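Model, not experiment: these values are computed from the prediction. Letters A, B, ... mirror the listed sequences (proteins, then strands); counts begin at 1. Quick note: numbers below take in every heavy atom, side chains included, and nothing from hydrogens, waters or symmetry partners.
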Amino acid sequence: MSVLTRTPQFHIARLRGRNNEGVLLGIIALLLLLIAMFSPGTLSPAMFADILRSSVVNMALALGVLLIIISGGIDVSFTAIAIFAAYSTVVLMRSIGLDNGILPFLAAAVIGALLGIINAVLVAGFKLQTLIATLGSQGIVRGALLAFVGSVYISSLPSALAQIGDARLTTIGGSAVSVLVIPVILLAVGLAVVLRKTMFGRSIYAIGGAPESARRAGIRVGRVQTVIYIAAGALSGFAGMVHVALVGHASPFELVGTELTVIAAVVIGGASDAGGRGSVQGVALGVVLLALIQNSLVRLGVPGFWHTAVVGVVILLGVAIQAQSRRRRSKRSTILESAVTA
Amino acid sequence: MSSASTVAPSFLARVRRTLDAAGHTGNLGLLLAGVIIVFSLLNPSIFASPLNLQSIAYAVPEIALLALAIAVTMSSGGIDLSIVATANLSALGAASVSIALMAGGVPGDAAAATGIAVALTVGVGCGLINGLLVAKLRIAPILATLATMTLFSGFAVAVTRGTPLYGLPDAILALGVQTVAIIPVSFWLLILAVVVIWAVMNRTGLGLRIILVGASPEAADYTGIRRSRVLLSTYALSGAIAALAGILMSARSASATAEYGSSYLLLAITIAVLGGTNPLGGRAPIVGVGVAAIVLQAISSGFNGLHISPYIYQILQGLILVVVLVVEVRRGRLTKWITRMMSRPPADGAALAASTGAATPLKEQPTPKPLTQGSHEHD
Amino acid sequence: MTDNPVVLRARGIDKSYGGVHALADADLEIRAGEVHCLAGANGSGKSTLIKILSGVEAPDRGEIEIAGTVTSKLSVVGSISHGIQVIYQDLSLFPNLTVAENVAMTTRVAGRARIISITAARELTLTVMKRLELDIDPDALLEELSVAQRQLVAICRAIANDVRVLFMDEPTTALTWNEVGTLFQVVSALKADGVAIVFVSHKTEEVFALSDRITVLRNGKVVAVGGVAEFDRDSLVEALIGRQELEERIVSSDVHDSPVLEVNSISAPGLFAEISFTAHAGEIIGLTGLMGSGRSEVADAIFGIIPFTSGRVAVDGHDIRSGDVASAISAGIAYVPSDRLTQGIFLDQAISRNLVASSISSLANKLGWLRPKAIRAGVDKLIDELSLKVGSPDDPVSSLSGGNQQRVVIGKWLATNPRVLVLNGPTVGVDIGSKAAILQILREKAAQGITVLLISDDVPELVSVCHRVLVVRRGRLVDEIASQNVTVEAVRERSIA
Amino acid sequence: SAGIGATTDGATSTSTSMTNIVKLSGGDWFNRMETGNQEWAAENDFTVNQTAGDDSSPEKQIAIISDTIPQKPAAITVVPNAPESIEAVLKRARDAGIIVVTHEAAGIVNTDADIEAFDDEAYGAHQMDLLASCMGDAGGTYAHFVGGLTVTSHNNWVKGAEDQASSEYPKVKSIGDPISSDESADTAYQRTKELLATYPDLRGILGAASTDVVGAGRAVAEAGKEDSVCVIGTSLPSTAGDALKTGAVDTITFWDPALAGKAMLTIAKKLLAGEEIVDGTDLDIPGYEKITQSPDSATTFFGTAWVDVTAENAADYPF
Ligand SMILES: Nc1ncnc2c1ncn2[C@@H]1O[C@H](COP(=O)(O)OP(=O)(O)OP(=O)(O)O)[C@@H](O)[C@H]1O
Ligand SMILES: Nc1ncnc2c1ncn2[C@@H]1O[C@H](COP(=O)(O)OP(=O)(O)OP(=O)(O)O)[C@@H](O)[C@H]1O
Ligand SMILES: [Mg+2]
Ligand SMILES: [Mg+2]
């Protein structure tokens, strides 16, 4: 019967990582090299702290998006859910006079999960295409926030929450590392474990790769989707609260509008827009890469008016590299097939 | 017995049949009629007034054109997120060239014509860049155009240093304010564009190829359709439509800037989908998209007229999108889903018992009752 | 066999999809340790019955009895936990997961596993593969495998479970003959363990070689049940299509001398090498060989899907650019690919659109505008010529039966007035009635002077229509069976060698 | 120069309602303007509606103005998102007999009168004066934040500040192009951290969007550079009050939106009554007692309504 010998290029492929993690690391190293050449003074430990800081919220948001993208969907409502959950939590805390540092994060996650039910109903219940469902829910959630919860900038948070936002885990080269990095890292690691090691996680990949096959294998597709959208809602709510705590104020107009950037980070990190692929490690690299670029433009002395264009070029490079490697993979498949026939 | 009672049902039946034939677009037409009736009742003196209808007609063309650009790319199985950026870049091209020409003494109309040609060229150019990325580099359209969206608008900001360009030729400005037979010129242009785009998609080889590529790229390859050429044309067409939208946008705002219309992107997608476009490709309901644009604009306008918060309108817009598609997808799904979610997964070893609802051993009851459909695994 | 206990019984199953009555009052009885063949023409409801018995689809009416309980509907998990395993017609695997994960997936779902172990999955896979004498890297992604290997993975997955009833929906279509041999050995071993095997195949030889009992479906109804001894070839065919099969060799002697298709020493590294032959007007040439011998790739290369690195292909003396489908088409080559559903048709599009898809440029004027009248006339002519059973040409092609869909693909190419018609397995998965119709179309087209290149591993089919049969082995043309020697025995012998 | 009167037949309008169309629905700034509107409405026999889009995009504002025309209010007062973008629709409003008064749109053509709290470039120059005096004789480099690179008024302030620096303070130097904060305090915060790393001798930051000084001040404070880096810019006491107290932000400047709203309505009322607006007209509103006519545009008038707020006087402005 057929014999498949492992060819050498197969091992090289492994080095690149299934989601091109290796390539991403390469690009990040290249950017650092550029900074070292053009602005050596700024390449300091503090810079890493800054990048960490600006990655935290996007990372938390990206985790939920990753779940949905792996399952074969796309989500444009998560920023609306995030800011709805966080802002209404702050409003609620002020109105009942609650002052606590931990509860608001839980409350925001719960509100996010409840909002996630809207997406779950539309996607798992009504079988709407995910882009349509989340376009609709984005409008509903954002409109409800501004119409019914509030539309004013809240400049000071309840003090315990403000303290959490200001609390430093450590200081690297004069730049603070917020304690909020810890829960986000824990969530990321937890999600990575769930995705790799649990049946639920593998079911998400299975559904993303071949939904009908998943159903035939006995996976409860609707149930898994329901959990995904609720979990993504909870992650978004939590991320919204991290954002609010970090910036020290609550504005209902923030976050919405950044969804495409987060999706770009997830995809640059190797998640396939067609579903069934992606990893937490890859997403972390994607988020860091985008943060690094945004944080390097000033350092590299790129004139302010050119910042957006440069970010566009880098996103283009990122998605092009992922596309090329996917092409190579499908070519490899024919090479392997020919190895069999020879 | 008058004949009226017999005529009515057959007339209604005929209406029904015509609407069925029109399908989704027909339903949208009904929705539009409903919207107009409701707002005319709520705000009798104003909503149906010519001035207000004119106001709607002024607002529709640019967003409808952007939605058409989305619809065209969606029907090929892709999407173009860079339409707004393309529109702005095209408008800037038109503005800078025509302003420079007029400064050099060229008559306004000639400058305007040249400017429009430049805009279309820029639009097609942007579209070709997208097309190359999608067709040659095989980047997923949503990602390729996400990147070019950022690139094009970044480029526009950089070259203009953020400042708007004023002083467009009168011929272009007229597109934004003039009317012919009460109806704004820009709306006439939209009607013309809908007819042309409809004809391209339904009456030309290119349109048929675009739809077939959207229906199945692999089958298209095996059919001898040059897919990359078709995709290049698709995105070029989308770029040209976006450029037209850009010209109307600059006519309506009397200027060209790098960041006009940022709120239009998601709205254009919403309109395209509401109009009946399948995001997975293979369908190009051009007229439906035009009607959907009018429906949403009429509601928005009705809300503004009643001083209802724009945020309520945003909720309603989301609801309309979702409800219209849910109703089409089928009713009854929700209750099924809820029962399934409420039911506990069967315990170990009891899988069959749970899956059979009220399972009965064969020996004890030879004629089993019809079993209730409840806790079934069936998506 | 008939004494063995019944492990699974379906009674009075009804199932409709919209207007299609896929199953009407169908019964099926499966006994432990038997190989049961489920036979029937395309669209007769075989796959639907399997899906109902594995809990994937819910029947509209009827009952299923398993392990002493009766139910109106199984759940997927319920059926798996009762030892029902299915190798689906479309395999239903996960391209983005590894071989090991694919193999282990159903056992874990059924076992209600919460945590998974990669090592355990790998071990399970290796154990099963050992049993099947396979060597596929358990860590390879499924999408990196060939179709045949995927088929084998699907088989591994089914027997990795604690299986009591094994459904195999056309499991041999993608396999080479020796792989089929191994599969048959596994089937015998499972049977010896008391496993019931339900087997779907369109190949009558397989049916007789393997089965103990046969159930024949026609239009969703059971029209015959019985032990294999109660059937012979003719009675089976009659049960399948309600009339006798015509598969005699009918080959016209009307072949012109003029060479039309010249294939001159073409090679593609790793796929095939130095393939040369010449085909004449009115000639039907068979191209056969084992699965993976390179015969499909030769066809792909002639049509420009795969580039050839040396040699030349010419039609009527005009060279075709390597790897350029458009140049092949403009030279007059038409190609009916092997995978009808994904490569042949545009499933959700109208029948008329499918029929014009390859001849769009000839139906448009110079400015690219389509000529609606010409289109309608062309579509009507084709529907008539191919005797397509369609409601309206505006219906989606998905509303047609498989045989009719395949005829649409052929019709799409006939509309281009081709000089050379290349068909890759045009009758795979098509029932006998449609098959005869398709072969008749080929004869008629050849009689009109078209050159036909028929790639197939269905030997009786080759014998029935081909003037000559070429044999490919390991990427090389190794044999040519001339007209007077084309017999079933000769072809089979030379292609296996 | 000549003053202006209503150039349309709007003076004959019998409507007693006015519509105030602002940049964005909700938010502190325009809520404050609405407070002023309603105070004014109570004192005068008019009803005033404030309306805006759900985001601050010019296209939505155009649609709203357009939809207001059929309601035929006596006047509309507009705070444009992008002044150039509403020219065409304002023309339609005026053609329909509606009085149009604008704010933050100096030089706009299709208006009956535009009232500015101040001359943009003078305001930018004033901010530069504050920055230069804070930086002291040694001078140094500074960076300028804008809410968006296409916001006209912000760009004008940048220009005013740059011109003032080059003519008056040769030792005060800009690092280059303005940097966009996307109206986000967090972005301003992050960009400031990078600025501090890249330009170790940075001495000053000017903010244009109301959240800029908050984010920048926070980064400066975190770096422990409150004393060496001056943070000055446009903001509101409710937004930047805390940062003023901690010393992270040195001075904020602004104009009271409530008064600006009243000024627009007052002008509209005067025009409706057939009065003329001329250089020196007194609107009887603090900061608008003697408005000056722009030398570039007969319809543009400036007040002197900017306010400087430091930690000491922040409590006087409860908004
Ligand atoms: N998916 C479908 N949706 C709607 N109608 C269908 C569908 N599949 C089949 N039909 C209809 O049911 C009829 C019977 O289908 P079936 O596959 O049994 O045909 P058949 O007799 O096998 O034809 P053939 O010999 O061409 O394969 C078809 O002719 C078609 O009109
Ligand atoms: N999901 C579906 N929707 C609509 N029609 C369906 C569906 N599945 C099957 N059918 C129709 O039901 C009938 C029976 O189909 P089924 O797949 O069971 O046939 P089959 O005997 O397995 O045919 P084949 O030999 O081609 O595999 C066909 O007419 C088919 O077109
Ligand atoms: Mg089948
Ligand atoms: Mg200071």
Side-chain angles (χ1 to χ4, degrees), chain A residues 74 76 118 120-122 124-129 131-133 135-148 151 211 215 218 220-223 226 257 260-261 263-264 267-268 272-274 303 305-320 322-324 326-327, chain B residues 79 81 133 137-144 146-162 258 262 265-266 269-270 273-274 278-280 309-323 325-326 329-330 333-338 340-341 345 377-379:
Chain A
I74 183 110
V76 293
I118 302 178
V121 169
L122 295 175
F126 284 117
K127 310 271 176 279
L128 282 195
Q129 282 175 21
L131 175 66
I132 300 173
L135 262 177
S137 60
Q138 189 217 40
I140 296 169
V141 170
R142 179 165 189 266
L145 169 67
L146 291 161
F148 304 127
S151 60
R215 191 168 78 84
R220 294 153 183 265
V221 176
R223 195 177 289 257
T226 306
L260 291 179
T261 314
I263 292 173
V267 174
I268 290 173
S272 160
D273 59 301
F305 285 115
W306 283 94
H307 284 188
T308 317
V310 174
V311 170
V313 169
V314 174
I315 294 180
L316 189 55
L317 270 178
V319 296
Q322 290 291 0
Q324 290 306 305
R326 203 141 288 152
R327 264 175 95 177
Chain B
I79 193 167
L81 298 181
L133 296 175
L137 294 185
R138 310 258 181 87
I139 304 178
I142 193 168
L143 305 178
L146 172 67
T148 53
M149 167 182 95
T150 319
L151 188 57
F152 295 161
S153 69
F155 184 71
V157 168
V159 294
T160 61
R161 297 185 65 80
S262 58
L265 180 57
L266 290 186
I269 299 175
T270 304
V273 171
L274 186 62
N278 183 351
L280 303 180
S309 153
Y311 302 127
I312 304 276
Y313 167 68
Q314 203 175 32
I315 299 176
L316 191 74
Q317 183 182 308
L319 279 177
I320 290 175
L321 175 65
V322 163
V323 169
L325 287 150
V326 160
V329 163
R330 213 180 302 161
R333 284 219 194 258
L334 182 64
T335 44
K336 223 163 150 190
W337 175 80
I338 290 173
R340 202 160 356 106
M341 287 307 119
E377 221 5 81
H378 182 223
D379 286 286

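By the side chain to side chain contact (heavy atoms under 4.5 Å, CB included) test, Val311(A) pairs with Ile293(A), Gln294(A), Leu297(A), Ile315(A), Thr150(B), sequence neighbours left out. Scored by the side chain to side chain donor-acceptor pair (under 3.5 Å) test, Thr148(B) finds Asn130(B) as partners (sequence neighbours excluded).
The shortest side-chain heavy-atom distance between Leu146(B) and Val319(A) does not fall under the 4.5 Å cut-off. By the 4.5 Å heavy-atom criterion applied to side chains, Val157(B) and His307(A) are not counted as neighbours. Leu260(A) is listed as a side-chain neighbour of Met149(B), based on a closest heavy-atom distance under 4.5 Å. Under the 4.5 Å side-chain criterion, counting only non-hydrogen atoms from C-beta, Leu131(A) is in contact with Ile269(B).
Here the CD atom belonging to Gln138(A) is positioned 5.0 Å from the CG atom belonging to Leu266(B), to the nearest 0.5 angstrom.
The two atoms that bring Ala147(A) and Ile312(B) nearest to each other are CB-CD1, 3.9 Å, heavy atoms only. Shown here for Leu321(B) and Ile132(A), the closest heavy-atom pair between the two residues is CD2-O, 3.6 Å. Nearest heavy atom pair, residue Gln314(B) against residue Gly143(A), reads OE1-N, 3.4 Å. A pairwise comparison of heavy atoms in Phe155(B) and Ala309(A) identifies N-CB, 3.8 Å as the closest pair. The minimum heavy-atom distance linking Leu319(B) with Ile140(A) is given by the pair CD2-CD1, 3.7 Å.
Of the listed residues (Ser309(B), Ala140(B), Pro279(B)), the one with the most heavy-atom contacts under 4.5 Å to chain A is Pro279(B). The candidate with the highest count of non-hydrogen atom pairs below 4.5 Å against chain B, out of Thr308(A), Val141(A), Leu122(A), is Thr308(A).
In this structure, no portion of Leu274(B) lies under 4.5 Å from any heavy atom of chain A. For a residue to count as touching a neighbouring chain, one of its non-hydrogen atoms must lie under 4.5 Å from one of that chain's; by this rule Ile142(B) touches chain A with the side chain only. Contacts between Ile320(B) and chain A at a heavy-atom distance below 4.5 Å are absent for every atom of the residue. Of the atoms belonging to Ala133(A), it is backbone heavy atoms, and not side-chain ones, that fall under 4.5 Å from chain B. With a 4.5 angstrom heavy-atom cutoff, Ile74(A) touches chain B only via side-chain atoms.
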